[in-house]
*Asks:* 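This is the structure, below, for whatever I ask next.
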Amino acid sequence: MISDKVKNVLNEQINKEFYSAYLYLAMSAYFYDEGLYGFANWTKVQAREEVDHGMIIFDYIIDRDATVELKPINVPDIDYKSPLMAFEKILEHERYVTSLIESIANLSMDECDLATRNFINWYLREQVEEEKNASDIITKLKLFGDDKAALYLMNKELAKREYHKHEY
Ligand code: OFO
């Protein structure tokens, strides 16, 4: 059994993960419009991973004999002016998600809920990877983004990303 406070933040986090999926999907649509299909692929794969993140929390709430409460998903802002701007938005968003995950970790300690504290470790590790992925792409875009040939190669590279179901 988990406390109401822990249940509420976990339910909130399901919503944030699905919002993340929406955000990446909106970016994917933007990249398709721009003809940058590799970038579109990369963000679409990430959207699917975000759904997995939400589903893992969904299952965890059920496993802890608590009730899942779904909430409306906000529509992301899709006014990107460049790939760099989109990825800066991604990094900002992932840093925000990291702060949410850290709050869940802290709350689970306050509530003496060691199972949830342990559960959330996977998300803490995941956030390190996601911030790094976004910031690596930003670094490349800042270095080469104005060079069309380099952007073409980057686009080719990002086209290789494949979706693998994210297992906990
Ligand atoms: Fe679910 O990690 Fe990104 O937001």
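Counting convention: from 1, in listed order, for ligands and their atoms alike. The first residue of the sequence shown is numbered 1, and numbering continues consecutively from there.
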*Asks:* Which N, O or S atoms belonging to the protein are less than 2.8 Å from atom 1 (Fe) of ligand 1?
*Replies:*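 You should have found Glu17 OE1, Glu50 OE1, His53 ND1.
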*Asks:* Name the one of Phe39, Tyr80, Phe87, Tyr24 that satisfies ring-ring contact (aromatic ring centres under 6.0 Å, His included) with Tyr30?
*Replies:*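 It is Tyr80; the other options fail the test.
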*Asks:* Indicate yes or no for a side-chain donor-acceptor contact from Asp113 to the backbone of Ser108 under 3.5 Å, with no hydrogens or angles considered.
*Replies:* no
*Asks:* Name all residues meeting the salt bridge (charged side-chain N to carboxylate O under 4.0 Å, His left out) criterion together with Lys81; count only those two or more places apart in sequence or in a different chain, and write none if there are none.
*Replies:*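 Counting only residues at least two positions away or on another chain, Lys81 forms a salt bridge (charged side-chain N to carboxylate O under 4.0 Å, His left out) with Asp79.
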*Asks:* Show me the side-chain donor-acceptor pairs of residues 131-138 shorter than 3.5 Å, one per line, residues at least two apart or across chains.
*Replies:*
unit_1, atom_1, unit_2, atom_2, d
Glu131, OE2, Thr98, OG1, 2.6
Lys132, NZ, Asp136, OD2, 2.6
Asn133, ND2, Glu129, O, 3.4

*Asks:* For residues 47-58, pull every pair meeting salt bridge (Lys or Arg N to Asp or Glu O under 4.0 Å), keeping only residues two or more places apart or in separate chains.
*Replies:*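 Sorted pair list: Glu49-Arg161.
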*Asks:* State whether Arg117 and Asp110 are salt-bridged, where the test is any N-O pair (Lys NZ or Arg NE/NH1/NH2 against Asp/Glu carboxylate O) under 4.0 Å.
*Replies:* no
